[in-house]
J.: 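So that we are looking at the same thing, I have put the structure below in C-alpha cells.
Along the sequence shown, residues carry numbers from 1. Note that ligands are numbered from 1 as they come in the structure, with each ligand's atoms numbered from 1 the same way. Everything numeric here is computed off the predicted structure, so don't read it as measured data.
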Amino acid sequence: MRQPLVSLLPVADALQRLLQAASAEAPQPAERVPLANALNRILAEPLHCAHNVPPWDNSAMDGYALASSDLAQALGGGLRVSQRITAGMSPAPLEPGTCARIFTGAPIPAGADCVEMQENVLLECDMARFSQAVSPDQNVRPAGQDIRQGDVIMQAGQRLRAQDLGVIASAGIAEVPVRSALRVAILSTGDELVEPGQTLGPGQIFNSNRYTLIGCLQRMGQTIIDGGILPDDPDLTISRLQALGEQADLIISSGGVSVGEADYLGMALRAHGQLDMWKLAIKPGKPFTLARFADVPVLGLPGNPAATLVTFLLLVRPYLLRRLGVEHTEPVQLPVPAGFESSTMGNRDEYLRACLQNGQVVPAGNQSSGVLSSASEATGLILIPAGSVVRLGQPLAFFPFDGLFQ
Ligand code: AMP
Ligand code: MG
C-alpha cells in the first residue's frame, strides 16, 4: 500500500527553502589568500586580467619565422637565417628578405608573420630552403589569444580548480579574494553513542555520523567545531547549543529528530528560536530540521547513518555553497542506463547507493538507512523518483560522489 503524499515535503521544495534561508544570511566575509593556497576556495569577487595572455605574438613551433611575402624565395633559393630567437628573448626586427630560427614560445620578430616548422625546412650553411608552403599567421600564437586585456577571467562564486589557478597565474595575479570558511559545529545526539577507540557497553554503538560529517565538511574546506556527543537530555541540549552557537556560523546535528522520540533538540530549538521540522519525501532520510538557536542556523539531520550522508550531500551541501556565494549549487548528474529492475513504487524520492558496472548503474549492497557500508562500496547515488518503477536499460540520474563532495 502506498502511503498518502500529503504530509511529505518534496525534496525540491526543501532545497528551495534551504537555499532561501542561506541567501538570507549575511554573506561570508572575504579574505585574500596566496594563489598557491587557493585550491577549492570560492572566489568572492570577479577577477580581471590586466594584460593580454600571451603578452606578445609567439611561435607555436620550433622552426623558422618569415614574412609570408618572402615565401616564393623560401621555396626557391631559400632565405638566409639572420637571427636565432629562443623563449624569453626580445628579438630585433626581422631583416627584410631573411628568416629567423625560432623556438616554441619565443616572440615573433617584427616583420615576420608566420612560422614554418623545422621538419619542412632544409638548412644548408645559413640558408633555409622550405619544402612546403606556409600561409600568413600559420604557427603564430597571437597576443591575447588566450585572454584579452581587461577581460573578466573568473566570476565571483567560482570554486577554484587546478586549471583555474593556472589561468589566474597566467594573468599575473598572485593573491585572490575568497570567501572565508564557514565555522560549522557538528553535534552527534544519542545516549547510545560511543566514540571509536572506546569500549562498547551494552546497547551502545560507535558514533559514525561524526566522521561522515567531518569528512564531508573537510572535503568542502569548511572549519569544523566538534560539539562531540550530546546525550538525550534536555538541559544538556540547551547548554551545548548555547556553547556552540557562540562560536559557530552554523550547527549541524545528527539524530534526535525521529518521530516518537523524546525530542530534546526540537524542544530546545522551539524554546530558543524558530523551528521548522519537515518530513521529507526522501529515502533514506525523512526527518529534517531547519531551525535557529539564538541567532545561529541549525540543520538537524536524521540519525540513521545512510540518511545523514544522503541528506548532507543533497541538502546541506547546497546550503553551504549558497552561504559561500555560489549561485549554481546543483551537483553533477549523468544519465546512466539501469542495470537492474525495480517494481516497487515508493512515495519518496529514493537515492540508492550505486556502482557503475559495464556502463550501467546497479545498487550497491543493502539499502537500509541504517547500513553505511553500501555507501562505501558505492561510487555515487542514483535517483528513483517517487512514484516510478525502474526498467532494465532505462536512464537514471547518477550523481557521482566526487561531484557531491565539493
Ligand atoms: P535517531 O534519529 O536519534 O532516532 O537515530 C536514528 C538511528 O540512527 C538510531 O538507530 C541511532 O542509533 C542511529 N544513530 C544516530 N546517531 C548516530 C551516530 N552519530 N552514529 C551512528 N548511528 C547513529
Ligand atoms: Mg537518537
J.: Only one of I252, L15, L299, T329 passes side-chain contact (heavy atoms from CB on, under 4.5 Å) with Y319; say which it is.
T.: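 Option passing the side-chain contact (heavy atoms from CB on, under 4.5 Å) with Y319: L299.
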J.: Looking just at side-chain N and O atoms, do S374 and N366 make a donor-acceptor pair shorter than 3.5 Å?
T.: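 Note: S374 and N366 side chains miss the donor-acceptor criterion.
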J.: Within the 4.0 Å heavy-atom shell around F206, which atoms of ligand 1 are there?
T.: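 In order of number, 20 (N), 21 (C).
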J.: Report yes or no: does G190 have a heavy atom closer than 4.0 Å to ligand 1?
T.: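 The answer is no: ligand 1 sits nowhere under 4.0 Å from a heavy atom of G190.
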J.: Using a distance-only test with no angle check, is there a side-chain donor-acceptor pair under 3.5 angstrom linking D113 and S68?
T.: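 The answer is yes; a qualifying pair exists.
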J.: Is it true that G370 lies under 4.0 Å from ligand 1, counting heavy atoms only?
T.: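 Contact check G370 vs ligand 1: negative.
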J.: Has R84 got more than 12 heavy atoms of other residues, nucleotides or ligands less than 6.0 Å from its CZ?
T.: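 No.
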J.: Please state which part of P287 comes within less than 4.0 Å of ligand 1, counting heavy atoms only: side chain, backbone, both or neither.
T.: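 Near ligand 1, P287 shows nothing, with every heavy atom at 4.0 Å or more.
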J.: Applying a 4.0 Å heavy-atom criterion (strictly less than), which segment of T308 is in contact with ligand 1: side chain, backbone, both, or neither?
T.: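 Looking at T308 and ligand 1, no heavy atom falls under 4.0 Å.
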J.: Considering only heavy atoms of E192, which atoms of ligand 1 have at least one such atom less than 4.0 Å away?
T.: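 Those of ligand 1 that fall under 4.0 Å from E192 are 11 (C), 12 (O).
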J.: Do T311 and V316 have side chains that get closer than 4.5 Å, going by heavy atoms?
T.: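 They are not in side-chain contact.
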J.: Taking only non-hydrogen atoms of S208, do any sit less than 4.0 angstrom from ligand 1?
T.: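 Yes, that is the case, since the closest heavy atom of the residue is under 4.0 Å from the ligand.
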J.: Does the side chain of L230 come within less than 4.5 Å of L236's, by heavy atoms?
T.: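 SC-SC contact between L236 and L230 confirmed.
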J.: Consider every N or O of R210 and every N or O of ligand 1, then say whether any pair is closer than 3.5 Å.
T.: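 N/O-N/O distance under 3.5 Å: no.
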J.: Given side chains that start at C-beta, do those of D164 and M154 come closer than 4.5 Å, heavy atoms only?
T.: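 In short, these two side chains touch, coming nearer than 4.5 Å.
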J.: Identify, by atom number and element, the atoms of ligand 1 in contact range of T189, meaning under 4.0 Å from any of its heavy atoms.
T.: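 Counting atoms of ligand 1 from 1, those under 4.0 Å from T189 are 16 (N).
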J.: Are side-chain heavy atoms of R317 and L320 found at a separation under 4.5 Å?
T.: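 Not touching, per the 4.5 Å side-chain cut-off.
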J.: For atom 3 (O) of ligand 1, which of the options G256, A306, G303 provides the nearest non-hydrogen atom?
T.: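 Going through G256, A306, G303 one by one, G256 has the nearest heavy atom to atom 3 (O) of ligand 1.
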J.: Give yes or no for whether the N/O distance cutoff of 3.5 Å, strictly under, is met between S188 and ligand 1.
T.: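 It does not: no N or O of S188 is found under 3.5 Å from an N or O of ligand 1.
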J.: Out of all atoms in ligand 1, which are within 4.0 Å of some heavy atom of N207? Include the element for each.
T.: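 Per the distance check, 18 (C), 19 (N), 20 (N).
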